[in-house]
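Here is the structure we will look at.
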Amino acid sequence: MEPPSSPLRSARLDTVATPTGHFAVLAIDHVGSFAATVRLDNPASMSTEDIWAAKLPLIEGIGPHAGAMLIDPGFLEGTGFTRTGKLAETGMILGIEDGDYADVLTAPRFLPGWSVERAARLSVDAVKISMFFDPGGDTSAAEDFVTEVVDQCRQQQMPLFAEPLALYDHPTERRDAVIEGVRIFGPLGADVLKLQFPEPAENTDQQAWAQVCEEIDRLSPVPWAILSEGGDYDLFRQQLKVACGAGASGFLGGRAVWREAATGEGSLASSAARIRELAGIAVAEGVDWRSR
């Protein structure tokens with residue numbers, strides 16, 4: 001079993017980072033939530049093939065401006081997608097959990113038939129898992145899942161991005177819930193924590209943002225990055241600047257980056273400009289993952 005700092009795992013993590021060691025990741029592993037974004041009035045009318053066809057121009061138009069892409073196994077295998085041309089230098093992270101941000105009551109699990117070993121055969125550079133958890137409840141199933149995936153990643157020398165998604169009843173509980181996720185899942189062996197921004201959108205006090213992000217940085221034993229969580233681009237840009245200033249190593253940005261391009265309300269060029277702007281913030285303000 002390889003140690004967390006094995007040269008191959010570190011090299012693969014470098015592949016999904018910018019040359020400066022920051023994470024600027026285009027997240028487009030969404031399936032059900034992708035259809036709900038593109039066809040809000042009737043997401044069920046989008047077939048799997050429709051989703052793949054809608055994703056491809058986003059990947060080809062925005063991906064070259066990112067350090068890496070987070071994509072879903074169905075798209076990768078179903079389309080025979082390969083990184084060529086402008087995407088040849090873009091890293092690839094594969095999301096291999098079954099959930100798509102919807103099934104919050106079932107214990108976390110792999111997509112049927114998937115494993116880290118199967119992902120490794122596709123020559124991806126890292127894998128990602130998400131797991132919902134109740135900060136005040138029993139988190140053993142989620143912890144067991146992460147531990148299992150960490151073990152598989154060690155065997156395959158594959159870096160792991162772990163995304164604990166906190167369940168809470170009121171926005172005021174969000175801060176403590178996200179922090180608890182860092183306490184629970186940070187020590188389990190993932191290479192990077194992919195975290196919700198710890199303050200709710202209703203709180204506009206950026207000093208409070210910085211304080212809680214600094215607390216997360218003190219608690220996290222590994223590099224961490226924030227996700228856009230389907231939010232507003234301008235808000236996410238502000239959150240990223242604060243998080244990186246407090247110790248984050250970058251971001252994984254999804255709908256906040258590509259929503260308008262996917263729905264036809266905006267252009268691929270504007271979405272590409274967004275990912276470049278976010279990457280610039282991560283590099284200028286964030287912490288090189290290797291320094292952790």
Side-chain angles (χ1 to χ4, degrees), residues 18 22-72 74-76 79 81 83 85-87 90-93 95 100-102 128 130 163 165 194-197 199-202 204 209 225-244 248 250-285:
T18 67
H22 299 86
F23 300 116
V25 181
L26 171 67
I28 196 160
D29 59 324
H30 314 65
V31 181
S33 55
F34 184 89
T37 299
V38 175
R39 293 186 188 169
L40 184 60
D41 57 338
N42 188 15
S45 67
M46 269 193 109
S47 68
T48 299
E49 290 74 17
D50 290 338
I51 292 173
W52 293 345
K55 280 186 177 184
L56 186 58
L58 301 177
I59 290 171
E60 293 180 336
I62 308 170
H65 304 276
M69 302 174 294
L70 168 60
I71 64 176
D72 60 287
F75 175 85
L76 185 59
T79 64
F81 174 78
R83 290 172 285 177
K86 293 181 180 180
L87 288 168
T90 306
M92 187 182 297
I93 307 169
D100 196 40
Y101 313 138
K128 163 257 174 185
S130 299
E163 179 183 18
L165 295 168
K194 179 188 176 195
L195 299 175
Q196 298 158 290
F197 191 77
E199 287 288 352
E202 294 84 355
T204 59
W209 294 7
I226 64 166
L227 63 145
S228 60
E229 208 171 2
D232 172 77
Y233 173 72
D234 289 331
L235 175 61
F236 182 58
R237 179 180 56 191
Q238 296 173 48
Q239 292 172 337
L240 177 65
K241 187 169 185 177
V242 171
C244 284
F251 69 92
L252 294 92
R255 286 163 286 182
V257 173
W258 51 255
R259 178 187 290 108
E260 287 82 3
T263 60
E265 298 171 3
S267 67
L268 282 172
S270 63
S271 290
R274 286 181 175 183
I275 204 92
R276 289 196 301 270
E277 182 178 34
L278 295 172
I281 293 170
V283 170
E285 306 287 343

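As the structure is a prediction and not an experimental result, all values here were calculated from the model.
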Please examine the side chains of Phe197 and Phe236, heavy atoms only from C-beta on, and report whether any two atoms are closer than 4.5 Å. no
Might you point out which heavy atoms bring Thr18 and Ala24 nearest each other, and give the distance in Å? CG2-CB, 4.1 Å
Sub-3.5 Å donor-acceptor pair from the side chain of Arg259 to the main-chain atoms of Gly230, do we have one? yes
Side chain to side chain, Leu56 and Thr79, heavy atoms closer than 4.5 Å: no
Tell me if the centroids of the rings in Trp52 and Phe81 come within less than 6.0 Å of each other. no
Do the non-hydrogen side-chain atoms of Gln239 and Glu229 ever get within less than 4.5 Å of each other? no
What's the shortest heavy-atom distance between Ser228 and Gly254, and which atoms? OG-N, 3.0 Å
In terms of the angle between their ring planes, are Phe34 and Trp258 parallel, tilted or perpendicular, with boundaries placed at 30° and 60°? tilted
Could you tell me the separation between the CZ atom of Phe251 and the CG atom of Leu26, rounded to the nearest 0.5 Å? 8.5 Å
On a heavy-atom basis, which atom in Ile51 and which in Val31 lie closest, and how many Å separate them? CD1-O, 3.8 Å
Could you tell me whether the side chain of His30 reaches within less than 4.5 Å of the side chain of Asp72, counting heavy atoms only? no
Should Leu70 and Lys194 count as side-chain neighbours, where that means a heavy-atom distance under 4.5 Å? yes
I need the Ile71 CD1 to Ile28 CD1 distance, nearest 0.5 Å. 9.5 Å
Does Ser47 reach the main-chain N or O of Asp50 with its side chain, forming a donor-acceptor pair under 3.5 Å? yes
Distance-only, no hydrogens or angles: does the Arg83 side chain make a donor-acceptor pair with backbone N or O of Thr90 under 3.5 Å? yes
Considering all heavy atoms of both residues, which atom of Ala54 and which atom of Met46 are nearest to each other, and what is their separation? CB-CE, 4.0 Å
Kindly indicate whether the side chain of Leu87, heavy atoms from C-beta on, has any atom under 4.5 Å from the side chain of Met69. yes
For Lys55 and Phe75, work out which heavy atoms get closest and say how close. CB-CE1, 4.2 Å
Sidechain-backbone polar pair: Ser45 side chain, Asn42 backbone, donor-acceptor under 3.5 Å: yes
Side-chain heavy-atom pair Arg255, Ser33 within 4.5 angstrom cut-off: yes
Side chains of Tyr233 and Glu277 in contact at under 4.5 Å (non-hydrogen atoms): yes
Give a yes or no on whether the backbone of Ala256 and the side-chain of Arg274 come within a donor-acceptor separation of less than 3.5 Å. yes
Kindly give the heavy-atom pair with the smallest separation between Leu240 and Leu278, and that separation in Å. CD2-O, 3.4 Å
